[in-house]
Amino acid sequence: MWQPTNTPEQDRARKLSELQERGVQPYPNRVTRTHTAREAVSAFEAAEAANPDAPAPLTVTVCGRIVRQNLKGKAFFAHIEDGTGRVQLFVRIDGVGEETFEMIRRHLDLGDFVQARGTMMRTRTGEVSVLVDELVLLAKALSPLPVIKERVADDGSVERYGAFNDVEERYRQRYADLAVNPDSREVFRKRAQTVSALRRFLDGEGSLEVETPILQPIYGGAAARPFITHHNQLHQDLYLRISFELYLKRLLVGMYDAVYEIGRDFRNEGVSFKHNPEFTQLEFYQAYTDYHGMMDLTERMIACVAEQVTGGTTISFEGHTINLAPPWRRITLREAIRGQTGIDYADHPDAKSLFGAMKAAGLAASPTATWGKLVDTLLGDAVEPSLIQPTFILDYPRDISPFAKTVPGDPTHVERFEVFVGGMEMGNAFTELNDPLDQEARFLEMSHLYAAEDEEATPVDGDYLRAMRYGMPPCGGCGVGVDRLVMLLTDRSAIREVLLFPHLRERQA
RNA sequence: GGGCGUGUAGCUCAACGGUAGAGCAGUGGCCUUUUAAGCCAUUGGUUGGGGGUUCGAAUCCCUCCACGCUCACCA
């Protein structure tokens, strides 16, 4: 059973039992509400506008959490907050009676939820308020939330006194963060808007939203280590998906022209400011197009989403002004690397030579990496951080892209792009490989490239190959990291800021 | 996993070898139009855990834990 651990909690626990002794139900079942905080204020303002001298009397019942209180002798002022905003309660002992007023004085705390009935009025200082005639406790708060006071300056700017900004505690107790920090609440509102804007956009394109297995007997579609779990009755190991790719493309075989899925991917890898073990991915696939079509679609989609979420296509991210209006810059990977490092990887067609060139240029590289991996390192280290304005990097080495078609006339490259904004990879797309025999060869190639015990190896997915042998239309596909898109649109530099409950290490007792 | 840094009251922070403090919150008092209310009084801490050095440790050392930054890893 919970025991108070500090003085404020002891006080609240005492108040709780005293209330119960007096027959007050501190957590009643029934609630009445006629107006939200915002509705109450705007209804009164409307009544004032209609008749400035004598606005029609307006009785409301509002509910919310007490976020500010000020006892002033036989009067009591409080702001209550609900999901729509705040409204001030003005309680006078004459209005509610001595018993209720004494309850307010002795037993009400910041953080408690109350229901208040009264008439709308303006106080002497001009604030629209509820002059309360009945006040009911809806829920007693036993632990104190961090106290943050606000002063609204004449110019409308809000100055805040006090804070709850310990990063770890904000993540571990997100409920407290949200309750107390409106900025945090806004981030997740924008996150929801982002996801629904993505849905609306793709629905409008005629794409079908689908759901594919999260528990998969064979994982694939990306190079990442999976989480492994087990189905007891089937005596079968299952993997949490690392991508949706292979299932979504099966659906194109099934004659949907365009499908998409928004959902969770799981990767058993390092955690960083832009990596969480589970993250939200959007993947969309469209028949009868290629990666050029995907680029057009992607830039239109992100610009459209940005407009709906932020009100425009010019956004601010980490001090940069970023213009998301299409068209976006398109440059080949080879040119981008040459431009940033002076290295033309075409001059270094094998891993050894490229490694040497990178060393000579003072760039870190793993001596055991494959040629494709080295190119990827060059991209990640030398190019990616410089890609602040939206940029498509196109045409990737074939051996790190097992699901993309080769560039006609250039067997060493595939039709693939990654899109970068704000120095972060936001998406990855291909002209999807639809040749079942070529795909099978690529699978085998990949499994030879990685050691057998390497968990990043892409396992051969026989069922996927069977699907493709029935005929898959030419198509383009793209994956977009939704969390990173939200980071971009909310100007947050850590993925944990845009995840409600980011993964944290378990704390020892 | 490596390096650097942080951890003090419910929250935000001081004190950096010599009795652990402030503001807010809390408690008691005054105030029936306040709004960061104010005024008076006051409670609250094994200074993240454990060990060591020292006459004396929040402070120095070791170790463990968590978080942050960074490197490695990572489509």
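Residue numbers begin at 1 in each chain, while the letters A, B, ... track the order of the sequences.
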Complement of B:A9, any strand, by Watson-Crick or G-U distances under 3.5 angstrom: none
Touch class at under 4.0 angstrom, heavy-atom based, for A:Glu384 against every strand present: nothing
Centroid-centroid under 6.0 Å between A:Phe284 and A:Tyr260 rings: no
Gap in Å between the two P atoms, one belonging to B:A25 and one to B:A66, rounded: 35 Å
Pairing partner (Watson-Crick or G-U wobble, both distances under 3.5 angstrom) of B:U27: B:A41
Options B:U43, B:U33, B:C31, nucleotide nearest the side-chain atoms of A:Leu71: B:C31
Sugar-phosphate, base or nothing in reach of A:Asn165, heavy atoms under 4.0 Å: sugar-phosphate
A:Leu354 and A:Met358: CA distance, side-chain angles, deciding distance, side chain to side chain contact (heavy atoms under 4.5 Å, CB included) verdict: CA-CA 6 Å; A:Leu354 186 56; A:Met358 288 169 72; 4.2 Å; yes
Side-chain H-bond candidate by donor/acceptor type, A:Arg416 with A:Ser401, under 3.5 Å: yes
Any-strand Watson-Crick or G-U partner of B:G68, both distances under 3.5 Å: B:C4
Whole angstrom value for the distance that separates C1' of B:G1 from NE2 of A:His275: 16 Å
Separation of the P atoms in B:G17 and B:U59, to the nearest angstrom: 11 Å
Touch class at under 4.0 angstrom, heavy-atom based, for A:Phe164 against every strand present: sugar-phosphate
Spacing of the P atoms in B:A75 and B:G7 (rounded, Å): 36 Å
Whole angstrom value for the distance that separates P of B:G29 from NZ of A:Lys72: 17 Å
Identified pairing partner of B:A57, criterion: Watson-Crick or G-U wobble below 3.5 Å: none
Sugar-phosphate, base or nothing in reach of A:Lys74, heavy atoms under 4.0 Å: base
Given B:A75, B:G10, B:U32, the nucleotide with the shortest approach to the side chain of A:Pro144: B:G10
P spacing across the pair B:G23 / B:A14, given as an integer number of angstrom: 16 Å
A:Glu269 CD - B:A72 C1' separation (whole Å): 13 Å
Between C1' of B:G68 and CZ of A:Arg172, the distance in whole Å: 13 Å
Sugar-phosphate only, base, or nothing, as touched by A:Arg106 at under 4.0 Å among non-hydrogen atoms: sugar-phosphate
Touch class at under 4.0 angstrom, heavy-atom based, for A:Arg92 against every strand present: base
Aromatic contact, A:Tyr291 with A:Tyr396 (centres under 6.0 Å): no
Ring centroid separation A:Tyr345 to A:His413 under 6.0 Å: yes
Euclidean distance for P, B:G49 against B:A9 (whole angstrom): 10 Å
Interatomic distance, A:Glu127 CD vs B:U33 P [rounded to whole Å]: 15 Å
Euclidean distance, atom CG of residue A:Asp166 to atom C1' of B:A9 [Å, nearest integer]: 15 Å
Residues within residues 422-430 of chain A bordering RNA chain B, heavy-atom distance below 4.0 Å: A:Glu425, A:Asn428
Touch class at under 4.0 angstrom, heavy-atom based, for A:Leu145 against every strand present: nothing
Contacts of A:Asp53 that satisfy side-chain contact (heavy atoms from CB on, under 4.5 Å) - sequence neighbours left out: A:Asn51
Residues A:Arg264 and A:Glu278 bridged, charged N to O under 4.0 Å: yes
Donor-acceptor pair between A:Glu9 and A:Thr5 side chains, under 3.5 angstrom: yes
Test item: side-chain donor near acceptor, A:Glu127 and A:His79, under 3.5 Å: yes
Touch class at under 4.0 angstrom, heavy-atom based, for A:Glu169 against every strand present: nothing
Pairwise P distance for B:C24 and B:U42, with rounding to whole Å: 15 Å
A:Tyr464-A:Lys249 side chain donor-acceptor pair, cut-off 3.5 Å: yes
Distance between C1' atoms of B:G5 and B:C40 (Å, rounded): 43 Å
Interatomic distance, A:Ile66 CD1 vs B:A36 C1' [rounded to whole Å]: 18 Å
Sugar-phosphate, base or nothing in reach of A:Lys274, heavy atoms under 4.0 Å: nothing
Euclidean distance, atom CZ of residue A:Arg416 to atom C1' of B:A75 [Å, nearest integer]: 6 Å
C1'-based separation of B:G52 from B:G10 [nearest Å]: 33 Å
